[in-house]
There are 2 protein chains.
Amino acid sequence: MSIKTMNPITFAKALADETRQKIMSLCCCKWLSVGEIVDALNVSQPTVSHHLGILRAAGLVDSRREGKQIFYSLNQAKIASGCCQLAIDFAPEHNLVVSPK
Amino acid sequence: MSIKTMNPITFAKALADETRQKIMSLCCCKWLSVGEIVDALNVSQPTVSHHLGILRAAGLVDSRREGKQIFYSLNQAKIASGCCQLAIDFAPEHNLVVSPK
DNA sequence: CTGTCAAATTGAAGAGCATCAATATGTCTA
DNA sequence: TAGACATATTGATGCTCTTCAATTTGACAG
């Protein structure tokens with residue numbers, strides 16, 4: 001299993017939308033079904049699915065099917081990795097260190 | 001002088017373009033004139049000015065006039081701050097610590 | 001002042017993206 | 001298998017963003 005470094009453009013693009021950041025906040029530290037996310041935001045179900053697809057493609061969320069529902073949760077390790085990569089690329093004179101709590 | 005926390009949407013949007021990331025790489029750790037940036041990339045001068053404007057509005061570059069030229073340089077502290085803010089918001093179970101080298 | 005050089009601004013064209021309604025796919029239950 | 005429910009996909013629309021050519025603004029030299 002290889003560790004693939006996060007592409008800074010893919011990472012930044014995935015974060016560069018308000019609705020996506022709201023979705024990310026919602027499913028941070030917990031698993032939410034698509035329906036629960038739709039209920040929490042004022043956007044349509046296809047829109048939520050669309051954004052989840054983008055986050056999934058960037059590797060920023062994990063998903064798990066449970067019956068008819070699909071649950072999503074933020075992949076915090078990937079987020080942290082992306083932040084570190086940005087800092088390595090664009091703030092090399094600063095030390096950004098990540099450590100699990 | 002107040003410390004304004006980086007808005008994660010503004011920050012991510014500013015980073016979410018390949019040309020801007022190239023510009024950021026170029027003027028990381030050094031001061032470059034607009035002309036030098038134009039020469040290093042295959043885009044027009046107005047395009048470079050446009051992107052510099054976006055980076056400046058987000059506080060990610062500093063600028064300094066010297067005669068007819070204007071020099072730009074990455075503000076690495078702001079970059080690091082933005083990365084930390086993203087990690088706080090979206091990877092709270094990880095510890096992302098920044099320290100000047 | 002006038003001309004020249006560097007960068008910013010304006011305006012327009014086109015690409016990309018977010019959003020939704022409608023539909024399709026997949027899963028469970030009866 | 002048929003119907004109901006949850007999510008994904010499709011197709012269309014409108015908005016945002018990138019880009020460039022043309023022009024303007026600003027700064028220096030003569």
Side-chain angles (χ1 to χ4, degrees), chain A residues 7-27 30-75 82 86 90, chain B residues 7-28 30-75 82 90:
Chain A
N7 174 348
I9 303 223
T10 305
F11 182 64
K13 278 186 192 288
L15 295 173
D17 180 82
E18 186 170 7
T19 302
R20 276 197 295 279
Q21 288 205 5
K22 283 182 185 168
I23 292 174
M24 292 170 67
S25 290
L26 282 170
C27 65
K30 58 189 169 198
W31 291 85
L32 286 186
S33 70
V34 177
E36 289 172 312
I37 297 172
V38 171
D39 290 343
L41 306 175
N42 282 329
V43 291
S44 69
Q45 176 268 314
T47 295
V48 169
S49 273
H50 167 72
H51 287 302
L52 286 170
I54 290 173
L55 293 173
R56 188 158 15 90
L60 301 187
V61 291
D62 298 321
S63 63
R64 168 169 60 82
R65 178 178 279 278
E66 199 155 312
K68 283 180 278 197
Q69 312 186 82
I70 302 182
F71 289 82
Y72 285 86
S73 184
L74 249 199
N75 185 329
L86 285 179
F90 303 120
Chain B
N7 174 348
I9 302 221
T10 305
F11 182 64
K13 278 187 190 289
L15 295 173
D17 179 82
E18 185 169 8
T19 301
R20 276 198 294 279
Q21 288 205 5
K22 283 181 184 167
I23 292 174
M24 291 169 67
S25 291
L26 281 171
C27 66
C28 185
K30 59 188 170 199
W31 291 85
L32 286 186
S33 69
V34 176
E36 289 173 312
I37 297 172
V38 170
D39 290 344
L41 305 175
N42 283 328
V43 293
S44 69
Q45 176 267 315
T47 296
V48 170
S49 272
H50 167 71
H51 288 302
L52 286 170
I54 290 173
L55 293 174
R56 187 158 16 89
L60 300 187
V61 292
D62 297 321
S63 64
R64 169 169 60 80
R65 179 178 277 278
E66 198 154 312
K68 281 181 279 197
Q69 311 186 82
I70 301 181
F71 289 82
Y72 286 87
S73 184
L74 247 198
N75 185 328
F90 304 121

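Chain letters run A, B, ... following the sequence lines, proteins first, then strands; residues in each count from 1.
If you measure from atom CG of A:D17 to atom P of D:dC17, you get 10 Å, rounded to the nearest angstrom. Across the protein-nucleic acid pair, B:L41 atom CG and C:dA7 atom C1' stand 16 Å apart, rounded to whole Å. In this structure, A:H51 atom NE2 and C:dG16 atom C1' are separated by 14 Å, rounded to whole Å. Atom CD1 in B:I54 sits about 13 Å away from atom P in C:dA8, given to the nearest Å. Rounded to an integer number of Å, the gap from CD1 of B:I9 to C1' of D:dC17 is 16 Å. Separating the CD1 atom of B:I23 from the P atom of C:dA7 is a distance of 13 Å, rounded to the nearest angstrom.
Between the side chain of B:Q69 and the backbone N or O of B:E66 there is no donor-acceptor pair closer than 3.5 Å.
Taking only side-chain nitrogens and oxygens, A:T19 never comes nearer than 4.0 Å to OP1 or OP2 of C:dA18. Within the structure, every side-chain polar atom (N or O) of A:R20 is placed at least 4.0 Å from both OP1 and OP2 of C:dC17.
Residues forming a side chain to side chain donor-acceptor pair (under 3.5 Å) with A:S49 (at least two apart in sequence, or on another chain): A:Q45.
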Restricting both atoms to N or O, compile the protein contacts to nucleotides 6-9 of chain D shorter than 3.5 Å, with distance only.
from, atom 1, to, atom 2, distance (Å)
D:dT7, OP1, A:V34, N, 3.1
D:dT7, OP1, A:I70, N, 3.3
D:dT7, OP2, A:G35, N, 2.9
D:dA8, OP1, A:Y72, OH, 2.5
D:dA8, OP2, A:S49, OG, 2.5
D:dA8, N7, A:Q45, NE2, 2.7
D:dA8, N6, A:Q45, OE1, 3.1

Output one line per pair: protein atom, nucleotide atom from nucleotides 1-3 of chain C, and distance, for all N/O pairs under 3.5 Å.
none

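Closest non-hydrogen pair, A:V38 versus A:V43, comes out as CG1-O, 3.8 Å. Across A:Q21 and B:A12, no two heavy atoms sit closer than the pair NE2-CB, 4.1 Å. When all heavy atoms of A:A58 and A:T10 are compared, the pair lying nearest together is CB-CG2, 4.1 Å. B:S63 approaches B:R56 most closely through the heavy-atom pair OG-CD, 4.1 Å. Minimum heavy-atom separation, A:L60 to A:L74: O-CD2, 3.2 Å.
Here B:I37 lies out of heavy-atom contact (under 4.0 Å) with every strand.
Summarising the geometry, atom CD1 belonging to A:I54 is positioned 4.0 Å from atom CZ belonging to A:R20; distances are rounded to the nearest 0.5 Å. Atom CG in B:L55 sits 11.5 Å away from atom CG in B:D62 (nearest 0.5 Å).
Summary of the strand contacts: A:E66 and A:K13 both lie near DNA chain C, and taking for each the nucleotide with the nearest heavy atom, the more 5' one is attributed to A:K13.
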